[in-house]
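Reviewing the structure listed below.
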Amino acid sequence: MTSSTFALRLSLAQQQFERGEYLAASRALADLVSEVEQEAAASTGGQSLHPTTDLRLLLARAYFHSAQLGRAEAVLRRLTDECPTDAYAHLLLGRTLSRAGRHEEAARPLALAQVLGDYEDKDLHPHRA
């Protein structure tokens, strides 16, 4: 994978997300995340993937918007395990669980998000003003 090819594919996936094509974006982003994780595993022996946090958050958001809640939850649980102070990941996990009707489970990540605060406002509804 060349960095220019990767950057182009990422840009296209981001454009799909911004246009509300969440299912297509989730497929493209999942492929990109998989590639990055494979390269990271090969070069670092599978150590932390903190540099992919933003990419995986975008993937989780695409999953959330395309109602792939189980996949969103899996990505977000891994992120919150690796980055326990990422308030936005906790917020998105809580909202994902709530959307799945698992309100009691959602209470903890939502409370953590509020306590941690100071997350970048990556509105779950990008088309709102």
Side-chain angles (χ1 to χ4, degrees):
M1 162 184 74
T2 66
S3 61
S4 62
T5 302
F6 184 88
L8 177 61
R9 290 171 51 218
L10 176 57
S11 177
L12 291 172
Q14 289 169 324
Q15 290 172 19
Q16 288 173 319
F17 183 89
E18 291 168 7
R19 287 191 306 262
E21 299 169 7
Y22 301 118
L23 187 58
S26 71
R27 290 180 186 134
L29 290 163
D31 287 344
L32 294 170
V33 167
S34 178
E35 287 178 28
V36 170
E37 288 179 346
Q38 288 174 1
E39 285 188 11
S43 65
T44 65
Q47 293 177 354
S48 174
L49 294 172
H50 290 283
T52 65
T53 298
D54 287 340
L55 181 59
R56 291 185 292 152
L57 275 173
L58 186 59
L59 173 59
R61 291 175 65 207
Y63 282 150
F64 177 87
H65 286 298
S66 59
Q68 298 178 72
L69 302 179
R71 289 180 175 170
E73 179 184 355
V75 170
L76 292 162
R77 290 213 183 266
R78 187 169 171 203
L79 278 170
T80 56
D81 286 347
E82 292 174 7
C83 308
T85 59
D86 187 328
Y88 185 72
H90 287 286
L91 175 68
L92 187 51
L93 176 59
R95 289 188 179 175
T96 299
L97 294 169
S98 289
R99 185 170 178 196
R102 296 162 55 192
H103 303 289
E104 286 185 23
E105 287 179 71
R108 184 174 188 273
L110 290 173
L112 279 170
Q114 188 172 22
V115 168
L116 293 169
D118 198 34
Y119 52 85
E120 184 179 328
D121 186 13
K122 299 173 188 169
D123 189 2
L124 291 178
H125 306 284
H127 301 294
R128 286 187 183 169

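If you're wondering where the values come from, they're calculated on a predicted model, not measured in any experiment.
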So do the side chains of [X] and [Y] get within less than 4.5 Å of each other, counting heavy atoms only?
{"X": "Phe64", "Y": "Leu69", "answer": "yes"}
{"X": "Cys83", "Y": "Thr53", "answer": "yes"}
{"X": "Leu112", "Y": "Leu91", "answer": "no"}

Restricting to non-hydrogen atoms, name the atom on [X] and the atom on [Y] that form the minimum distance, rounded to 0.1 Å.
{"X": "Ala106", "Y": "Gly94", "answer": "CB-O, 3.3 Å"}
{"X": "Arg95", "Y": "Leu110", "answer": "N-CD2, 3.9 Å"}
{"X": "Ala72", "Y": "Ala60", "answer": "CB-O, 3.7 Å"}
{"X": "Arg99", "Y": "Ala67", "answer": "NH2-CB, 3.8 Å"}

For this session: Would you kindly confirm whether Leu55 and Tyr22 end up in one hydrophobic cluster when ILVMFWY residues are joined by side chain heavy atoms under 4.5 Å apart?
Result: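 Leu55 and Tyr22: one cluster.
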
Which atom pairs, donor and acceptor, lie under 3.5 Å between side-chain atoms of residues 27-34 and protein residues at least two apart or in another chain?
none

Sequence neighbours left out, what passes side-chain hydrogen bond (donor to acceptor under 3.5 Å, both in side chains) with Gln68? Give chain and number order.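 Partners of Gln68 under the side-chain hydrogen bond (donor to acceptor under 3.5 Å, both in side chains) test: Ser26, Ser66, Arg71.
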
Using the test side-chain hydrogen bond (donor to acceptor under 3.5 Å, both in side chains), find all partners of Gln15 that sit at least two apart in sequence or belong to another chain.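 Expected list: Ser11.
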
inquiry  = Taking transitive links into account, so neighbours of neighbours count too, which hydrophobic residues share a cluster with Leu8 at under 4.5 Å side-chain distance?
reply    =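 Leu12, all in the cluster of Leu8.
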
Quick check for you: to the nearest 0.5 Å, what is the distance between [X] atom [atom1] and [Y] atom [atom2]?
{"X": "Tyr63", "Y": "Leu23", "atom1": "OH", "atom2": "CG", "answer": "10.0 Å"}
{"X": "Thr52", "Y": "Glu82", "atom1": "OG1", "atom2": "CD", "answer": "7.0 Å"}
{"X": "Tyr88", "Y": "Leu92", "atom1": "OH", "atom2": "CG", "answer": "5.0 Å"}
{"X": "Leu59", "Y": "Asp54", "atom1": "CG", "atom2": "CG", "answer": "12.5 Å"}
{"X": "Leu93", "Y": "Asp86", "atom1": "CG", "atom2": "CG", "answer": "11.0 Å"}

inquiry  = I'd like to check the salt bridge (charged side-chain N to carboxylate O under 4.0 Å, His left out) partners of Glu73; sequence neighbours left out, ordered by chain and number.
reply    =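 With sequence neighbours excluded, Glu73 shows a salt bridge (charged side-chain N to carboxylate O under 4.0 Å, His left out) to Arg77, Arg102, given in chain and number order.
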
Geometric cation-pi criterion, Arg61 with Phe17: 6.0 Å, 45°
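That pair does not qualify as a cation-pi contact.
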
Donor-acceptor pair, His90 side chain versus Pro84 backbone, under 3.5 Å?
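Side chain of His90 to backbone of Pro84, a donor-acceptor pair under 3.5 Å: yes, one is there.
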
Would you say Arg56's side chain and Leu79's backbone share a donor-acceptor pair under 3.5 angstrom?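 Checked: no pair found.
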
